[in-house]
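Only heavy atoms go into these numbers, but all of them, side chains included; no hydrogens, no water, no symmetry mates. Chain identifiers are assigned alphabetically (A, B, ...) following the order of the sequence lines, protein sequences preceding nucleic acid strands; residue numbering begins at 1 within each chain. Computed from a predicted model, the values in this text were never measured in an experiment.
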Protein chains: 2
Amino acid sequence: MKLSAKVEYGVRAMAVLAFYYQSGPFPLRKIAEQENISLKFLEHIFFKLRTSGLIFSMRGTRGGYMLSRPPAEINIGDIVRAVEGPITPVDCLSENGTDPCCHRKEGCLTRQVWEKLRDKINDVLDDVSLYELIDFKSTHIK
Amino acid sequence: MKLSAKVEYGVRAMAVLAFYYQSGPFPLRKIAEQENISLKFLEHIFFKLRTSGLIFSMRGTRGGYMLSRPPAEINIGDIVRAVEGPITPVDCLSENGTDPCCHRKEGCLTRQVWEKLRDKINDVLDDVSLYELIDFKSTHIK
DNA sequence: TGAATTCCGACCAAACAACTAGGGTATCCA
DNA sequence: TGGATACCCTAGTTGTTTGGTCGGAATTCA
């Protein structure tokens, strides 16, 4: 029941982008330095974030990444799902019906528990936006 | 963000024990057959369930396992934590303070999100007891 | 005794996670 | 135009976890 390091890094990196939103494209190298994350590793994460449409990129000497929506419109759940894929506490809930547990949708006793769990996890993660994250920072740190 | 197969098996096996509660010790081999789980693998799982105090065992020819409390007093969260250990969405939340994220408890922006996530997961899992699981079965299947 | 059962430690193979390496390509600016 | 910078892509490496097996010892009961 763990999130991966990729997700942690992804969220922290996106928080940086949120903080510098409206300052033009922000280079990955700086994020890597600020957050002490391997640049090469971050590249992989940002590939997923970009193909998920959460950010866009600009190449060249003054290039970098930018959020494609305002921080208030990007929530943690978006980032988690972009980096890790859809949240499925047990394989039984994913759509490829190749597992023996789910022959009978009615008969799987535990299924409804896992469904509720999945929904609640999504709820929590979708309830916090990047804006709230950096707003907390501004209030308590700066 | 996945539960392990151990947890799935553990919950299903505990549901069987709940169903045969008050019928004396129930042998692991029968559970393995009913639920189509490797007996040897189940042994590992039941070691954890036993040392966590959720079940007790009786050796010998008519031995087996029994719930140590009524089904209504054992919830899914108990089983998950017994088999997988405490739920910690990110390592940052576990108590060994060896990670770089948590020098400053106040400054970790994302920490409160993960804390809320952890709490909600526990809430969902603690909200369903074995009794409710097998009661659902009795109502809809039998 | 012998069969059925729990208990216990070691072992193993495959998958996964967390990086790392290194080059390729596009773009920008001077 | 040319070099600097940044993004893009493939693949390998290393260590841990997961899921599972094996063999055997201890215990109980008929």
Side-chain angles (χ1 to χ4, degrees), chain A residues 1-10 12-13 17 20 24-33 35-52 54-66 68 80 83-85 88-91 99-101, chain B residues 1-13 17 20 23-33 35-52 54-68 80 83-85 88-92 94 98-101:
Chain A
M1 218 53 199
K2 278 218 182 352
L3 291 165
S4 63
K6 275 193 177 120
V7 164
E8 278 192 70
Y9 295 164
R12 279 161 58 196
L17 285 189
Y20 293 104
F26 198 81
L28 206 51
R29 184 179 48 78
K30 284 195 176 181
I31 300 178
E33 285 168 4
E35 295 294 319
N36 199 33
I37 302 170
S38 151
L39 172 62
K40 282 296 187 179
F41 197 37
L42 260 189
E43 282 186 4
H44 293 305
I45 297 166
F46 270 61
F47 175 80
K48 292 184 177 180
L49 291 170
R50 188 177 57 83
T51 53
S52 297
L54 296 182
I55 56 178
F56 65 88
S57 61
M58 294 181 68
R59 303 213 224 195
T61 307
R62 299 214 175 278
Y65 289 96
M66 286 188 69
S68 53
V80 172
V83 173
E84 280 210 324
T88 53
V90 300
D91 290 332
D99 50 283
C101 155
Chain B
M1 217 52 199
K2 278 222 186 345
L3 291 166
S4 62
K6 275 191 177 118
V7 163
E8 279 192 69
Y9 295 165
V11 170
R12 279 160 58 195
L17 284 190
Y20 292 105
S23 307
F26 198 81
L28 206 51
R29 184 179 48 78
K30 284 195 176 181
I31 300 179
E33 286 169 4
E35 294 295 319
N36 200 31
I37 302 170
S38 151
L39 171 62
K40 284 296 188 179
F41 195 38
L42 261 188
E43 282 184 3
H44 292 306
I45 298 166
F46 270 62
F47 175 79
K48 293 183 176 179
L49 291 170
R50 187 174 58 84
T51 53
S52 297
L54 296 182
I55 56 176
F56 64 87
S57 60
M58 295 181 67
R59 298 214 231 192
T61 307
R62 298 218 175 278
Y65 290 95
M66 286 187 69
L67 300 185
S68 52
V80 172
V83 173
E84 280 208 326
T88 54
V90 300
D91 289 334
C92 188
S94 47
T98 56
D99 49 284
C101 153

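- For the pair B:Leu42 CG and C:dT5 P, the computed distance is 14 Å after rounding to whole Å.
- In this structure, the side chains of A:Leu3 and A:Glu8 stay at 4.5 Å or more apart for every pair of heavy atoms.
- Spacing between atom CD1 of A:Ile37 and atom C1' of C:dA18 amounts to 12 Å, rounded to whole angstrom units.
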Give me the distances for all protein-to-nucleotides 13-20 of chain D N/O pairs that come in under 3.5 Å?
| unit_1 | atom_1 | unit_2 | atom_2 | d |
| --- | --- | --- | --- | --- |
| D:dG19 | OP1 | B:Ala5 | N | 3.0 |

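- Here C:dT6 presents its C1' atom at 16 Å from CD1 of B:Ile45, a figure rounded to the nearest Å.
- The 5' end of DNA chain C is approached more closely, in terms of each residue's nearest nucleotide, by B:Leu28 than by the other of A:Arg59 and B:Leu28.
- Counting non-hydrogen atoms of neighbouring residues, nucleotides and ligands closer than 6.0 angstrom, the CE atom of A:Met66 exceeds 12 such neighbours.
- Nucleotide C:dA4 holds its P atom 18 Å from the CD1 atom of B:Ile31, rounded to whole Å.
- Between B:Phe26 and B:Tyr65, the closest side-chain pair of non-hydrogen atoms is not below 4.5 Å.
- The CD-C1' distance, from B:Glu33 to C:dA4, rounds to 13 Å in whole Å.
- Annotation: side chain of B:Leu39 is not in contact with side chain of B:Glu33 (no heavy-atom distance under 4.5 Å).
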Restricting both atoms to N or O, compile the protein contacts to nucleotides 12-15 of chain C shorter than 3.5 Å, with distance only.
none

- Message: Quick one, A:Arg12 with A:Ile37, criterion side-chain contact (heavy atoms from CB on, under 4.5 Å). Give me CA distance, side-chain angles, the key distance, then yes/no.
- Response: CA-CA 10 Å; A:Arg12 279 161 58 196; A:Ile37 302 170; 4.1 Å; yes
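- Between B:Asp91 atom CG and C:dA18 atom C1' there is a gap of 12 Å when expressed in whole angstrom units.
- The CG atom of B:Leu42 lies 5.0 Å from the CG atom of B:Leu28; values are rounded to the nearest 0.5 Å.
- Remark: A:Glu84 engages no residue in a salt bridge (charged side-chain N to carboxylate O under 4.0 Å, His left out) (not counting sequence neighbours).
- Note: CD (A:Glu43) to P (C:dT25) measures 16 Å, nearest angstrom.
- Listed by chain and number, the residues in a side chain to side chain contact (heavy atoms under 4.5 Å, CB included) with A:Pro27 are A:Lys30 (sequence neighbours excluded).
- Residues satisfying the side chain to side chain contact (heavy atoms under 4.5 Å, CB included) criterion with A:Lys6, sequence neighbours excluded, are A:Ser4, A:Phe41, A:Ile45, A:Val83.
- The residue A:Phe47 sits close only to the backbone: its heavy atoms come under 4.0 Å of sugar-phosphate atoms, none of a base.
- A distance of 11.0 Å separates CZ of A:Phe47 from CD1 of A:Ile55, quoted to the nearest 0.5 Å.
- In terms of phosphate contacts, B:Arg50 brings a side-chain nitrogen or oxygen within less than 4.0 Å of OP1 or OP2 of C:dC8.
- Applying the 4.0 Å criterion to OP1 and OP2 of C:dT5, one finds that B:Arg29 has a side-chain N or O inside that range.
- A heavy-atom distance below 4.5 Å is found between the side chains of B:Leu17 and B:Phe46.
- Between A:Met1 and B:Thr88, the closest side-chain pair of non-hydrogen atoms is not below 4.5 Å.
- Here the C1' atom of nucleotide D:dC7 and the CZ atom of A:Phe26 are 16 Å apart, to the nearest Å.
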Check the interface with nucleotides 2-4 of chain D: list each N/O to N/O pair with the protein under 3.5 Å, or write none.
none

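- Within 4.0 Å of A:Tyr65, counting heavy atoms only, lie sugar-phosphate atoms of the nucleic acid but no base atom.
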